[in-house]
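Any value given below was found using the heavy atoms of this structure, including those in side chains, with hydrogens, waters and symmetry copies removed. Along the sequence shown, the residues carry numbers beginning at 1.
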Amino acid sequence: METRRFSAFNAFNYVLLALFGFSMIYPFIYILVYSLNDGKDSMMGALYFLPRKFTLDNYVEVFENARIWKAYQITVFRTLLGTFLHVLLCTLMAYALSKKTLPGRTFFTFYIFLPTIFSAGFIPYFITLQKLHLINTFWVYVIPFLFNFMHIVIIRTFLQGIPEELEESARIDGYGDFQIFLRIILPLSGPVLATIALFIGVTHWNDWFSGAYYVSDKELIPVQTLLQEMLTEAEALSSSMQRAAEQGGQTINANAAGATPESLRMALLVITVFPILCIYPFLQRYFVKGVMIGSVKG
């Protein structure tokens, strides 16, 4: 009897998890199907699992658009540079704060923790960026994201778990603090650094707010901001088409290839999400290990 109950629970559990997993995956399937379907035909709706009129015209239009390529380059470059500098600076600060012999250690910890509690708001933040001459420059994507208190705490907690004997033996061999950091600390910190890199990398990749409010130069906007603009244009087009249909009009804003703003947006969304989906499986084992170590120890 117990075996039957256990088997029934397992079956229910598997079905529930399968439905939950499907609910997470289906939005990606939906977007992919619409991106591979003819734009004019997609306006009829009723696309669920397979394209009704398969085409690659949407992706051709996206890749031939110089503005999209420029926005994609900005996003890739800011993600790589921003992630590298963020991980480097946070690790250096965490390494210093992990040392009990650091003069003023408590003061520095409180000093970097204070901005996490209190925020001045959007307008003072904007004025600060303006005074620093970061508005409408590429560095507005990088410099404000260099610091994160929680990331420093996670790295510091991890570093405190490294045996002090390793550093002592290195000092006997004549290593200084910087050499110890490069040759001992960094190689042993792979899991937690991969975790932080994934955190901040996804933040950089998905950030559209900075490009929308701090940059007016169209040559500097990232792909997520461009995607948000396309979403706004698609919604405006949909509203105008609905009004035209109510008035008896039949005008459809689509090019000769059949691509529409909505279908182009779906194709761009697939291209935007694809790199993160490819990178995550390679970092997953480090991600899980780094989160567990950084949260349990200390």
Side-chain angles (χ1 to χ4, degrees), residues 25 27-39 42 51 54-88 129 134-146 194 196-237 253-284:
I25 296 175
F28 295 98
I29 299 176
Y30 177 85
I31 293 171
L32 182 62
V33 168
Y34 265 80
S35 69
L36 293 174
N37 196 78
D38 180 77
S42 297
F54 178 83
T55 181
L56 295 176
D57 290 339
N58 298 319
Y59 290 95
V60 173
E61 289 288 330
V62 168
F63 285 117
E64 288 182 349
N65 192 320
R67 186 184 178 193
I68 293 177
W69 269 114
K70 182 64 177 179
Y72 209 84
Q73 291 173 5
I74 293 293
T75 299
V76 171
F77 185 56
R78 71 165 286 190
T79 300
L80 294 177
L81 181 61
T83 300
F84 172 75
L85 293 178
H86 177 90
V87 172
L88 177 63
L129 295 179
L134 295 178
I135 297 297
N136 213 32
T137 66
F138 171 80
W139 294 104
V140 76
Y141 300 134
V142 178
I143 294 179
F145 291 89
L146 292 179
I196 301 304
L198 183 60
F199 281 158
I200 190 62
V202 171
T203 300
H204 275 290
W205 190 267
N206 291 333
D207 176 48
W208 65 270
F209 188 87
S210 299
Y213 289 92
Y214 305 139
V215 174
S216 59
D217 187 355
K218 296 300 181 181
E219 296 295 322
L220 289 176
I221 65 171
V223 69
Q224 297 294 355
T225 304
L226 180 60
L227 182 61
Q228 190 267 344
E229 292 181 358
M230 292 181 65
L231 174 61
T232 304
E233 293 174 0
E235 291 177 350
L237 176 62
N253 187 7
N255 57 25
T260 62
E262 180 68 15
S263 63
L264 293 177
R265 183 171 67 89
M266 292 297 183
L268 181 59
L269 187 58
V270 172
I271 297 173
T272 303
V273 174
F274 184 73
I276 296 296
L277 294 179
C278 292
I279 293 174
Y280 183 78
F282 297 99
L283 297 179
Q284 183 178 9

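- Evaluation of the side chain to side chain donor-acceptor pair (under 3.5 Å) rule for S35 yields Y59 as partners, not counting sequence neighbours.
- Taking OG1 of T225 as the start and NZ of K218 as the end, the distance is 9.5 Å to the nearest 0.5 Å.
- Residue W139 holds its CH2 atom at 12.5 Å from CG of L220, rounded to the nearest 0.5 Å.
- I31 and V270 make their closest contact through CG2-CG2, 3.7 Å (heavy atoms, listed as atom of the first residue, atom of the second, distance).
- Considering only residues two or more places apart in sequence or on other chains, V60 meets the side-chain contact (heavy atoms from CB on, under 4.5 Å) condition with E64.
- With rounding to the nearest 0.5 Å, the separation of CD1 in I271 from CG in N58 is 9.5 Å.
- Applying the side-chain contact (heavy atoms from CB on, under 4.5 Å) rule to W69 yields the partners F63; only residues at least two apart in sequence or on another chain are considered.
- The side-chain contact (heavy atoms from CB on, under 4.5 Å) test applied to F54 returns L36, P51, L56, not counting sequence neighbours.
- Within the model, atoms CG of L146 and CD1 of I143 stand 6.5 Å from one another, a figure rounded to the nearest 0.5 Å.
- A donor-acceptor contact shorter than 3.5 Å is absent between the side chain of T83 and the backbone of L80.
- For I135, the side-chain contact (heavy atoms from CB on, under 4.5 Å) test picks out F126, L129, Q130, Y214, with sequence neighbours left out.
- Applying the salt bridge (charged side-chain N to carboxylate O under 4.0 Å, His left out) rule to pairs touching residues 266-275 yields nothing, sequence neighbours excluded.
- In this structure the side chain of L226 reaches within 4.5 angstrom of the side chain of R67, judged on heavy atoms.
- In this structure, the ring pair (Phe, Tyr, Trp, His ring centres under 6.0 Å) partners of W205, at least two apart in sequence or on a different chain, are Y72.
- By the side chain to side chain donor-acceptor pair (under 3.5 Å) test, N136 is found to be paired with S216, residues two or more places apart in sequence or in another chain being considered.
- Taking each heavy atom of P222 and G211 in turn, the nearest pair found is CD-CA, 3.9 Å.
- Put simply, the side chain of T203 gets close to the backbone of F199: a donor and an acceptor are under 3.5 Å apart.
- For F77, the ring pair (Phe, Tyr, Trp, His ring centres under 6.0 Å) partners are F138, not counting sequence neighbours.
- Between the CG atom in N37 and the CG atom in L32 there is a gap of 11.0 Å [rounded to 0.5 Å].
- Inter-residue side-chain proximity for M266 and V33 is flagged as unmet; no heavy-atom pair is nearer than 4.5 Å.
- Counting heavy atoms from C-beta on, the side chains of I74 and V223 never come closer than 4.5 Å.
- Here S210 pairs with D207 under the side chain to side chain donor-acceptor pair (under 3.5 Å) rule; sequence neighbours left out.
- The CD atom of E219 lies 10.5 Å from the CD atom of Q73; values are rounded to the nearest 0.5 Å.
- Heavy-atom contacts from other residues, nucleotides or ligands closer than 6.0 Å to CZ of F274 number 12 or fewer.
- Here Y141 and F145 keep their ring centres 6.0 angstrom or further from each other.
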